[in-house]
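To start, the structure under review is shown below, and the notes come after it.
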Protein chains: 2
Amino acid sequence: MSQNNNKIIEQINFGEGHRMTPQRRFVYEVLMGSIDHPTATEVFIRVKDKMDSISLATVYNCLDALVGVGVVRQVNVDREPSRYCGNLEPHAHFHCETCASVMDVDLKEGADPSNSVKLPRGAKVEKFELAVRGQCPECVRLKNKK
Amino acid sequence: MSQNNNKIIEQINFGEGHRMTPQRRFVYEVLMGSIDHPTATEVFIRVKDKMDSISLATVYNCLDALVGVGVVRQVNVDREPSRYCGNLEPHAHFHCETCASVMDVDLKEGADPSNSVKLPRGAKVEKFELAVRGQCPECVRLKNKK
DNA sequence: TTTTTATCAAGAACTATTCTAAATAATAAT
DNA sequence: ATTATTATTTAGAATAGTTCTTGATAAAAA
């Protein structure tokens with residue numbers, strides 16, 4: 001984690017009467033250092049390396065707090081455990097139905113998926129979640145070999 | 001449920017060695033007759049009116065079977081229970097963050113949300129799931145009144 | 001028929017997540 | 001400084017949605 005990013009971490013504002021804590025910092029750092037989309041339990045395991053005393057409940061608390069302040073995104077995949085994602089750029093997720101991997105996919109410039117729907121008149125859009133499902137390139141390749 | 005729709009139900013093909021059963025028919029009928037997006041438990045309650053002997057586990061089995069054949073869609077909303085949806089037209093879902101309702105929203109003609117992402121080269125797209133979140137018209141109105 | 005196979009029902013088991021209560025630590029008030 | 005307040009953490013219990021197991025039932029195949 002770069003010096004620069006650490007500064008940014010200090011600046012996270014949890015709101016009046018709420019605090020940045022070592023646990024929240026570790027959870028956030030783990031997420032920022034992960035390119036996959038770890039589950040709460042996976043985050044727990046990774047944070048435990050740095051702070052053995054942390055509990056799973058605290059990881060859930062920290063994740064909720066970080067999601068609440070909007071510096072982390074929660075990604076839900078079917079009935080699987082929630083995954084967490086430190087990439088805040090507007091983006092979508094590609095789910096491989098063969099190997100179950102989840103990867104970030106950028107939006108084409110200027111594209112806004114919420115524009116492709118006929119919204120009910122008067123509705124106010126806050127955000128969107130776009131998941132594209134199929135076979136990832138690797139799984140397509142493997143299948144073609146056979 | 002119209003005569004016409006009942007015919008269609010009979011035609012659902014569960015694949016070699018699999019059967020259409022009264023339980024699956026009831027589950028499917030309940031879904032086709034619902035404009036909301038019931039959870040498995042809600043489907044269970046509605047089917048129980050028509051077939052008191054059905055069990056919740058069976059409803060789960062039936063829903064899985066129907067999703068598996070592709071005549072029903074499973075909609076996941078955050079950490080909430082899965083919801084099921086008989087509308088197969090390509091469409092998205094609008095989630096009201098205030099009243100927690102979920103409604104179908106049609107796509108604009110010709111719009112394909114998967115076109116708005118930069119897919120990894122060689123990936124094969126099967127389907128997409130687009131959820132737009134915000135305030136539904138009713139909740140926007142209520143808020144403005146105050 | 002008999003045999004095989006799919007499905008069902010009931011409840012137990014599982015697992016992700018939330019809740020509870022007591023302990024700790026940071027902040028605010030005195 | 002000292003005390004009081006409030007937020008947070010921890011560990012484990014509790015909850016809830018879903019899946020699994022087992023024996024029973026029913027449909028299809030032999």
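No hydrogens, no waters, no symmetry mates; every other heavy atom, side chains included, goes into these values. Note on naming: letters A, B, ... go to the chains in the order of the sequence lines (proteins, then strands), and numbering restarts at 1 for each one.
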Completion exercise
When rounded to the nearest 0.5 Å, the distance separating CZ of Phe14(A) from SG of Cys62(A) is 7.5 Å

Exercise for the section: For Lys143(B), check side chain to side chain contact (heavy atoms under 4.5 Å, CB included) against everything at least two apart and list the hits. Expected result: none

Problem - Presence of Arg19(A) side-chain N/O under 4.0 Å of dT27(C) phosphate oxygens OP1/OP2 - result: no

Practice task
Classify the side-chain pair Gln74(B)/Ser82(B) by whether it contains a donor and acceptor separated by less than 3.5 Å.
Solution key: yes

Kindly give the atom pairs (protein nitrogen or oxygen, nucleotide nitrogen or oxygen) under 3.5 Å for nucleotides 17-19 of chain D.
from: dT18(D); atom 1: OP1; to: Ser82(B); atom 2: N; distance (Å): 2.9
from: dT18(D); atom 1: OP1; to: Ser82(B); atom 2: OG; distance (Å): 3.3
from: dT18(D); atom 1: OP2; to: Tyr60(B); atom 2: OH; distance (Å): 2.5
from: dT18(D); atom 1: O5'; to: Tyr60(B); atom 2: OH; distance (Å): 3.2
from: dT19(D); atom 1: OP1; to: Arg79(A); atom 2: NH1; distance (Å): 2.9
from: dT19(D); atom 1: OP2; to: Arg79(A); atom 2: NH1; distance (Å): 2.5

Practice task
Under the ring-ring contact (aromatic ring centres under 6.0 Å, His included) rule, collect the residues that match up with His95(B), sequence neighbours excluded.
Solution key: none

Exercise for the section: May I ask you to evaluate whether Thr21(A) reaches the phosphate of dT9(D), defined as a side-chain N or O under 4.0 Å from OP1 or OP2? Expected result: yes

Problem - Euclidean distance, atom CE of residue Met20(A) to atom P of dT8(D) [Å, nearest integer] - result: 11 Å

Exercise for the section: Indicate whether OP1 or OP2 belonging to dG11(C) is found under 4.0 Å from a side-chain N or O atom of Ser55(B). Expected result: no

Strictly under 3.5 Å: I want the nitrogen or oxygen pairs between protein and nucleotides 28-30 of chain C, one per line.
none

Exercise for the section: Would you kindly give the CD-to-P distance between Gln23(A) and dA23(C), to the nearest whole Å? Expected result: 18 Å

Handout entry: Contacts of type salt bridge (Lys or Arg N to Asp or Glu O under 4.0 Å), residue Lys108(A), not counting sequence neighbours
Key = none

Practice task
Can you tell me the distance, in whole Å, between the CE atom of Met51(A) and the P atom of dA25(C)?
Solution key: 10 Å

Fill in the blank from the handout: Exactly one candidate in Leu63(A), Ile45(A), Leu31(A) meets side chain to side chain contact (heavy atoms under 4.5 Å, CB included) with Pro38(A); the answer is Leu31(A)

Handout entry: Any residue meeting side chain to side chain contact (heavy atoms under 4.5 Å, CB included) with Asn61(B), in chain and number order, not counting sequence neighbours
Key = none

Completion exercise
Here the distance between atom P of dT7(C) and atom CZ of Arg25(B), to the nearest Å, is 14 Å

Problem - Arg24(B) CZ to dA27(D) P, straight-line distance once rounded to whole Å - result: 13 Å

Exercise for the section: Nearest whole angstrom, please: distance from the P of dC8(C) to the CG of Leu63(B). Expected result: 11 Å

Handout entry: Atom-to-atom span, CD1 of Ile54(B) to C1' of dA9(C) - whole angstrom
Key = 10 Å

Exercise for the section: Determine the contact category for Thr58(A): base if any of its heavy atoms lies under 4.0 Å from a base atom, sugar-phosphate if only primed atoms, P, OP1 or OP2 are that close, otherwise nothing. Expected result: base

Practice task
Before accepting this row, confirm whether a basic side-chain N of the pair Glu42(A)/Arg83(A) lies closer than 4.0 Å to the acidic partner's carboxylate O.
Solution key: yes

Practice task
Go through the side-chain N and O atoms of His18(B) and Asn13(B) and say whether any donor and acceptor fall under 3.5 Å apart.
Solution key: no

Exercise for the section: Measure the distance from NE2 on His18(A) to C1' on dA25(C) and round it to the nearest whole Å. Expected result: 16 Å

Exercise for the section: For Asn61(A), report the nucleic acid contact type (base, sugar-phosphate, nothing); a contact means any heavy atom under 4.0 Å. Expected result: base

